[in-house]
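Step one of this worksheet: look at the structure below.
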Amino acid sequence: MLNLKFIQDNPDLVIEKLKTKNFDAAGIVGEIIDLYSEKNKLQGQADQAKAEMNKISKEIGLLFREGKKEEANAAKERTSELKENIKQFDQQFSAIEEQVNELLVLLPNLPHDTVPQGKGEEDNEVVTSAGEIPALDENALPHWELAQKYNLIDFELGVKLTGAGFPVYRGKGSQLQRALINFFLDEARKAGYEEVQPPLVVNEASGFGTGQLPDKEGQMYHVAADNLYLIPTAEVPVTNIYRDVILDAKDLPYKNTAYSACFRREAGSYGKDVRGLNRLHQFDKVEIVQIAHPEKSYKVLDEMVKHVSSLVEKLELPYRVLRLCGGDISFTAALTFDFEVYSAAQKKWLEVSSVSNFESFQANRLKLRFREEGVKKTQLAHTLNGSALALPRIVAALLENNQTSKGIKIPKVLVPYTSFEIID
RNA sequence: GGAGAGAUGGCAGAGUGGUCGAAUGCGGCGGUCUUGAAAACCGUUGUACCGAGAGGUACCGGGGGUUCGAAUCCCUCUCUCUCCGCCA
């Protein structure tokens, strides 16, 4: 959510910047500004009326104490009109506030200056390309066939237990999952992230804080009986750790990492790249989150991109980093780098990480503030997060790229975690 | 699932209709004292909005009501805790 005052002070900037996101904000911004001045006018009137009311009430109290009943009763009569006015001001005031909030929630975050103009994925900018694309045999298998051949993942069994998109990992497939999770968590810890194990189910306030609600309500599984949501990413509970808090500037940045299962309904995405591990309803992911000082958040973003790069490099996967264009970047992000690894049998780039700076967009919803030493006024912090990494597509690429006639080779860094070097 | 208790400032914890944005203690910050530190003592210490400022307003879990006036009374919702039952 953009800051109300910021919009008020920079309406043209907001409209101009949102054009990059292909969002025409002129109407909404105009309405917000009108409502804002109306709101202030009303508040001035309401506050004045309330001040008078408070004054009279105090006087009445004193008069009663002194036993001047008649004067007190006379004073009472003066209040009825005031009371009515206050009631009306308050009603109008909260109606306007509600309207403003409804409009505010419609505005996406402003894109960073470096976000390229564009309509969709095809306009994303490749900023890095690294690693060698392996030359596989003609008869190389896609990962879903490899998974079956080596009994690593049972998709049909998942359908029996739950439904499509809920695979059962078994044997070395299951061990490989565990190895990756531990590897990712260890790497994050070495990079200074504190590990946390958050709940996998969150309440409405948390969903709102990071921006899943109300915008992407249909994306999450909703536990209706308790009005709770299964998390689509650990970003939600981990970032919400910092909801409604005021931090000391000297303690920034806060760095957390968490492994979690992630649940996504993926409504409406059937038929598109859904084979095998490409798109699931439940998957594992290690997430990194940072709460940063606004002046340092882009440095932090770079650091996070480097961290994720190091992970795919250690796994010896060919990858590229994309700077998302205005048409592809999310509603909440100011700047996002996507990581894609090449899955050599499918001959496809698969997104395995998305690293974003949300600036103060989430912080404003979260009421996540910090205070500079000696300064009374609080400021909104910046939030950032990234996948480091999402497992399924990493597994897909590992299986496909490392297949040999003797089996599937495990990258060196993972061997201490898997305790086997080859899947055969 | 059954029964009960509760929700107040960073924490603990008073406050049952007016002078309460809220006692007191702890913690934090500043100071006095000290070679330094501790102790002791003194002062200070919530957030947000409006206003050029003086200042004003709101907030004692959320919403509504009674009243000239509500942290305090009433209704309602949510959450937390304790005990019992069941269970990992």
Side-chain angles (χ1 to χ4, degrees), chain A residues 1-9 32-101 103-104 197 199-209 213-214 222-229 237 240-252 254 261 291 360 363-381:
Chain A
M1 193 159 65
L2 294 176
N3 188 270
L4 185 53
K5 235 179 208 156
F6 180 82
I7 298 173
Q8 163 80 8
D9 293 340
I32 286 176
I33 287 174
D34 289 348
L35 287 167
Y36 185 79
S37 66
E38 181 71 8
K39 176 183 93 84
N40 286 352
K41 208 175 102 196
L42 273 168
Q43 185 175 349
Q45 291 171 317
D47 283 1
Q48 207 180 347
K50 284 178 188 173
E52 180 149 354
M53 189 67 149
N54 288 342
K55 205 176 122 204
I56 294 175
S57 292
K58 270 184 192 160
E59 283 169 11
I60 292 174
L62 284 172
L63 289 171
F64 269 121
R65 182 153 322 161
E66 292 165 15
K68 298 175 181 168
K69 266 197 178 166
E70 276 177 32
E71 283 179 55
N73 284 325
K76 271 192 200 181
E77 282 175 25
R78 286 196 286 142
T79 62
S80 62
E81 193 187 344
L82 262 181
K83 209 177 171 183
E84 189 52 39
N85 287 343
I86 289 171
K87 204 172 172 182
Q88 274 183 18
F89 285 139
D90 277 349
Q91 268 170 13
Q92 289 172 45
F93 185 79
S94 47
I96 285 179
E97 215 169 32
E98 202 178 310
Q99 282 177 59
V100 170
N101 285 334
L103 290 169
L104 274 179
Q197 284 198 28
L200 304 183
V201 183
V202 292
N203 58 27
E204 237 176 318
S206 294
F208 178 81
L213 295 175
H222 183 214
V223 184
D226 299 291
N227 195 25
L228 297 171
Y229 295 85
N240 272 280
I241 290 173
Y242 302 96
R243 166 151 51 84
D244 241 329
V245 297
I246 300 173
L247 306 167
D248 280 340
K250 64 174 162 50
D251 296 330
L252 298 172
Y254 281 77
I291 311 301
S360 58
N364 197 26
R365 292 176 159 224
L366 292 161
K367 296 197 169 54
L368 162 51
R369 293 154 293 170
F370 72 96
R371 201 191 320 263
E372 214 77 64
E373 175 101 44
V375 180
K376 183 137 175 93
K377 183 84 186 135
T378 61
Q379 302 176 53
L380 292 172

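Just so you know, these numbers come straight off a predicted model, no measurement behind them.
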Rounded distance in Å between the [atom1] positions of [N] and [M]:
N      : M      : atom1 : value
B:rU24 : B:rG15 : P     : 15 Å
B:rG13 : B:rA71 : C1'   : 14 Å
B:rG61 : B:rA12 : P     : 14 Å
B:rC49 : B:rU44 : P     : 26 Å
B:rG65 : B:rA7  : P     : 23 Å
B:rA40 : B:rU78 : P     : 48 Å
B:rG9  : B:rG62 : P     : 10 Å
B:rA23 : B:rC60 : C1'   : 14 Å

Counterpart base for [N], defined by Watson-Crick or G-U wobble contacts under 3.5 Å:
N      : value
B:rA12 : B:rU24
B:rA58 : B:rU47
B:rU72 : none
B:rA7  : B:rU78
B:rU32 : B:rA40
B:rA88 : none

Please classify the nucleic acid contact of [X] as base, sugar-phosphate, or nothing, using heavy-atom distances under 4.0 Å.
X        : answer
A:Lys376 : sugar-phosphate
A:Asn54  : sugar-phosphate
A:Arg369 : sugar-phosphate
A:Lys377 : sugar-phosphate
A:Ile56  : nothing
A:Thr378 : sugar-phosphate
A:Ile246 : sugar-phosphate
A:Ala75  : nothing

Protein-nucleotide distance ([X], atom [atom1]; [N], atom [atom2]), rounded to Å:
X        : N      : atom1 : atom2 : answer
A:Asp226 : B:rU80 : CG    : C1'   : 16 Å
A:Asp244 : B:rG46 : CG    : P     : 18 Å
A:Gln45  : B:rA58 : CD    : P     : 16 Å
A:Gln91  : B:rG64 : CD    : C1'   : 12 Å
A:Leu4   : B:rA48 : CG    : P     : 15 Å
A:Asn364 : B:rC49 : CG    : P     : 10 Å
A:Glu97  : B:rU57 : CD    : P     : 18 Å
A:Leu42  : B:rU57 : CG    : C1'   : 14 Å

Indicate whether the side chain of A:Asn40 and that of A:Ser37 have a donor and an acceptor atom separated by less than 3.5 Å.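 No - no donor-acceptor pair under 3.5 Å links their side chains.
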Check every atom of B:rG56, B:rG18, B:rU47 against the side chain of A:Ala51 and return the nucleotide holding the closest atom.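 So the side chain of A:Ala51 is nearest to B:rG56.
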Would the number of heavy atoms belonging to other residues, nucleotides or ligands and lying under 6.0 Å from [atom1] of [X] be above 12?
X        : atom1 : result
A:Glu52  : CD    : no
A:Gln8   : CD    : yes
A:Gln197 : CD    : no

Considering residues at least two apart in sequence or located in another chain, which fulfil the ring pair (Phe, Tyr, Trp, His ring centres under 6.0 Å) criterion with A:Phe93?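 A:Phe93: no ring pair (Phe, Tyr, Trp, His ring centres under 6.0 Å) contacts found.
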Using the closest heavy atom to pick a nucleotide of RNA chain B for each, name whichever of A:Thr79 or A:Gln48 lands nearer the 5' end.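 Its nearest nucleotide being more 5', the pick is A:Gln48.
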Using the closest heavy atom to pick a nucleotide of RNA chain B for each, name whichever of A:Arg371 or A:Lys50 lands nearer the 5' end.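 Its nearest nucleotide being more 5', the pick is A:Arg371.
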A:Ile291 side chain near A:Ile241 side chain, heavy-atom distance below 4.5 Å: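 No; the side chains remain at least 4.5 Å from each other.
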Between A:Phe89 and A:Gln43, is any pair of side-chain heavy atoms under 4.5 Å apart?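 No, side chains not in contact.
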Is any side-chain nitrogen or oxygen of A:Tyr36 closer than 4.0 Å to OP1 or OP2 of B:rC49?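 False: A:Tyr36 side-chain N/O out of range (4.0 Å or more) of B:rC49 OP1/OP2.
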